[in-house]
There are 2 protein chains.
Amino acid sequence: MSVADEIRSKGRRMTVQRRLVLDALHRARHHTTAEEIARQIRARHPQIDPSTVYRNLEALEELGYVTHTHLDDRVTRWHRADVERHGHLVCRSCGSEQEIPLRTLEPLGRRLRTEQGFRADLAHSAIVGICRECAP
Amino acid sequence: MSVADEIRSKGRRMTVQRRLVLDALHRARHHTTAEEIARQIRARHPQIDPSTVYRNLEALEELGYVTHTHLDDRVTRWHRADVERHGHLVCRSCGSEQEIPLRTLEPLGRRLRTEQGFRADLAHSAIVGICRECAP
DNA sequence: TCCACTATTGCGAGAACTTGCGATAACCTG
DNA sequence: CAGGTTATCGCAAGTTCTCGCAATAGTGGA
Ligand SMILES: [Mn+2]
Ligand SMILES: [Mn+2]
Ligand SMILES: [Zn+2]
Ligand SMILES: [Zn+2]
């Protein structure tokens with residue numbers, strides 16, 4: 001079953017706008033911003049409103065094709081849901097970003113699960129701190 | 001040395017606006033939003049611009065009197081720097097917030113420190129997930 | 001192939017900040 | 001306790017994302 005058929009089977013619709021957002025996420029290697037996706041799409045299709053891009057990212061996330069993470073403070077980063085998940089370390093001094101395997105974060109996940117009954121998504125927000133180069 | 005003197009000794013100035021922001025943070029028990037602080041101050045001093053509140057929160061953070069955390073996605077929460085730090089668990093289903101002692105997060109902090117040389121600030125961003133009540 | 005239903009769109013307005021700028025007022029110095 | 005320096009302010013405009021609404025266009029069924 002194609003993605004379009006899957007989407008339709010859930011009572012949603014496959015529009016040209018939705019397809020374009022999905023394509024843009026496929027072309028992007030890593031996490032992109034909604035603004036960047038909107039910029040790319042509007043370069044060829046200026047009539048497509050940015051709000052449509054934001055709404056489609058949300059819809060595609062509900063449908064399970066897309067997720068988002070938060071790297072530095074404000075911006076939301078979007079990416080396909082089928083790429084391997086990983087955590088992020090962000091240096092608040094130099095801004096450098098580093099990926100870490102989820103395995104490193106798992107012990108904390110297990111602890112929160114058993115002690116608090118909380119199922120943590122430890123890849124959702126980057127961990128902020130000071131990187132090796134910036135530490136005195 | 002008073003806070004005002006400390007601030008002046010760093011080449012900054014103690015204005016009525018800055019004092020009001022500091023007072024508002026002192027009155028607030030926990031994390032507040034910039035908007036809430038601006039609302040309180042403007043109730044008595046309508047001529048004070050919201051942008052002044054935003055700029056003062058930033059300045060007071062640089063000066064070391066204030067810090068911020070991120071609970072759910074969009075809003076930044078501000079609080080005095082001298083209150084005890086703690087982590088947060090936020091449920092993405094029901095939105096509930098729960099505080100957890102930093103002690104729970106410390107093992108991960110040590111691991112990131114030794115394996116990556118990264119000094120993590122694990123209280124800066126809340127951990128997102130599904131709480132006990134919302135889990136099936 | 002045509003139709004009715006309604007998910008989705010574009011647009012305008014709004015929320016929540018951010019930024020540039022000229023005016024104001026802290027503050028240090030003497 | 002003036003006077004000059006400049007940090008800080010208020011204001012206006014810009015940015016990024018959100019939301020309500022009427023028009024449009026995918027869809028499944030006839
Ligand atoms: Mn932050
Ligand atoms: Mn998020
Ligand atoms: Zn760094
Ligand atoms: Zn919950």
Side-chain angles (χ1 to χ4, degrees), chain A residues 1-24 31-42 44-63 65-66 68-78, chain B residues 1-24 31-63 65-66 68-78 95:
Chain A
M1 191 154 71
S2 73
V3 171
D5 287 339
E6 281 178 24
I7 286 178
R8 277 190 281 266
S9 75
K10 290 169 187 160
R12 315 296 297 262
R13 294 174 187 178
M14 178 55 86
T15 63
V16 295
Q17 293 87 342
R18 189 156 290 168
R19 165 106 285 148
L20 286 167
V21 170
L22 219 38
D23 289 350
H31 11 69
T32 354
T33 64
E35 205 204 346
E36 169 64 15
I37 294 173
R39 204 189 52 67
Q40 281 180 30
I41 291 179
R42 283 165 63 80
R44 286 177 172 279
H45 309 270
Q47 78 283 9
I48 294 182
D49 197 78
S51 67
T52 298
V53 173
Y54 289 106
R55 283 194 275 226
N56 268 309
L57 287 168
E58 246 180 276
L60 290 168
E61 184 167 55
E62 280 172 29
L63 288 163
Y65 298 108
V66 167
H68 73 266
T69 56
H70 305 280
L71 287 197
D72 58 3
D73 292 348
R74 211 141 284 294
V75 205
T76 301
R77 310 294 189 111
W78 298 88
Chain B
M1 191 155 73
S2 73
V3 171
D5 287 339
E6 282 178 25
I7 287 177
R8 276 189 283 266
S9 74
K10 291 169 187 161
R12 314 297 296 263
R13 294 173 186 177
M14 178 54 88
T15 63
V16 295
Q17 294 87 343
R18 187 157 291 168
R19 166 104 285 148
L20 286 167
V21 170
L22 218 39
D23 288 351
H31 13 68
T32 354
T33 64
E35 205 205 346
E36 168 64 14
I37 294 172
R39 205 189 51 69
Q40 280 180 30
I41 291 179
R42 283 166 62 81
R44 285 177 174 281
H45 309 269
Q47 77 283 8
I48 294 182
D49 198 78
S51 68
T52 299
V53 173
Y54 289 107
R55 283 194 273 227
N56 267 309
L57 285 168
E58 247 180 275
L60 289 168
E61 183 165 56
E62 278 172 29
L63 288 163
Y65 298 108
V66 167
H68 72 265
T69 57
H70 303 281
L71 287 196
D72 57 4
D73 292 346
R74 200 103 214 92
V75 205
T76 300
R77 310 296 187 111
W78 298 88

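So you know, we letter chains A, B, ... as the sequences are listed, proteins then strands, and number each from 1.
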(request) Identify which one of A:Glu58, A:Glu6, A:Lys10 satisfies the side-chain contact (heavy atoms from CB on, under 4.5 Å) criterion when paired with A:Leu63. (result) A:Lys10
(message) How many whole angstroms separate atom NZ of B:Lys10 from atom C1' of C:dC27?
(response) 17 Å
(request) Write down the distance between CZ (B:Arg19) and P (C:dA26), rounded to a whole number of angstrom. (result) 13 Å
(request) Check the distance between D:dA7's P and B:Asn56's CG and give it to me in whole angstrom. (result) 15 Å
(request) Tell me which nucleotide among D:dT6, C:dT9, C:dC17 gets nearest to the side chain of A:Thr15. (result) C:dT9
(message) Considering every strand and a 4.0 Å limit on heavy-atom distances, what is the contact class for A:Arg12: base, sugar-phosphate, or nothing?
(response) sugar-phosphate
(request) Using a heavy-atom cut-off of under 4.0 Å over every strand shown, decide if B:Arg55 touches base, sugar-phosphate, or nothing. (result) base
(message) Measure CZ/B:Arg39 against C1'/C:dA16 and give the value in whole Å, please.
(response) 15 Å
(message) Determine whether a donor-acceptor pair (N or O, by modelled atom type, separation under 3.5 Å) exists between the side chain of A:Arg18 and the backbone of A:Arg13.
(response) yes
(request) Establish, with yes or no, whether the OP1 or OP2 oxygen of C:dC17 is under 4.0 angstrom from a side-chain nitrogen or oxygen of B:Tyr54. (result) yes
(message) In this structure, how many angstroms lie between the P atom of C:dA7 and the CG atom of A:Leu63, rounded?
(response) 13 Å
(message) Has B:Asn56 got a side-chain atom pairing as donor or acceptor with B:Thr52's backbone, closer than 3.5 angstrom?
(response) yes
(request) Look at B:Arg13 and C:dC27 and indicate whether a side-chain polar atom (N or O) is within less than 4.0 Å of OP1 or OP2. (result) no
(message) Test your reading of the model: is there a side-chain donor-acceptor pair from A:Arg77 to the backbone of A:Leu71, 3.5 Å cut-off?
(response) no
(message) Just N and O in the side chain of B:Gln17: are any of them under 4.0 Å from OP1 or OP2 of D:dG10?
(response) yes
(message) If you assign A:Ile48 and B:Ile7 each to the DNA chain C nucleotide with the nearest heavy atom, which residue ends up on the more 5' nucleotide?
(response) A:Ile48
(request) Quickly work out the B:Leu22 CG to D:dT8 P distance and round it to whole Å. (result) 13 Å
(message) Side chain of B:Val75, heavy atoms from C-beta onward: which of D:dT27, C:dC17, D:dC9 has the nearest atom to it?
(response) C:dC17
(message) Taking A:Glu36 first and then A:Arg39, would you say they form a salt bridge - that is, a charged N and a carboxylate O separated by under 4.0 Å?
(response) yes
(request) Between B:Glu35 and A:Thr52, name the one whose nearest nucleotide on DNA chain C is closer to the 5' end. (result) A:Thr52
(message) Output the rounded distance in Å from CZ (A:Arg8) to C1' (D:dG29).
(response) 15 Å
(request) Tell me what A:Ser51 touches on the nucleic acid: a base, only sugar-phosphate, or nothing, going by heavy atoms under 4.0 Å. (result) base
(request) Would you kindly give the CG-to-C1' distance between A:Asp49 and D:dC21, to the nearest whole Å? (result) 14 Å
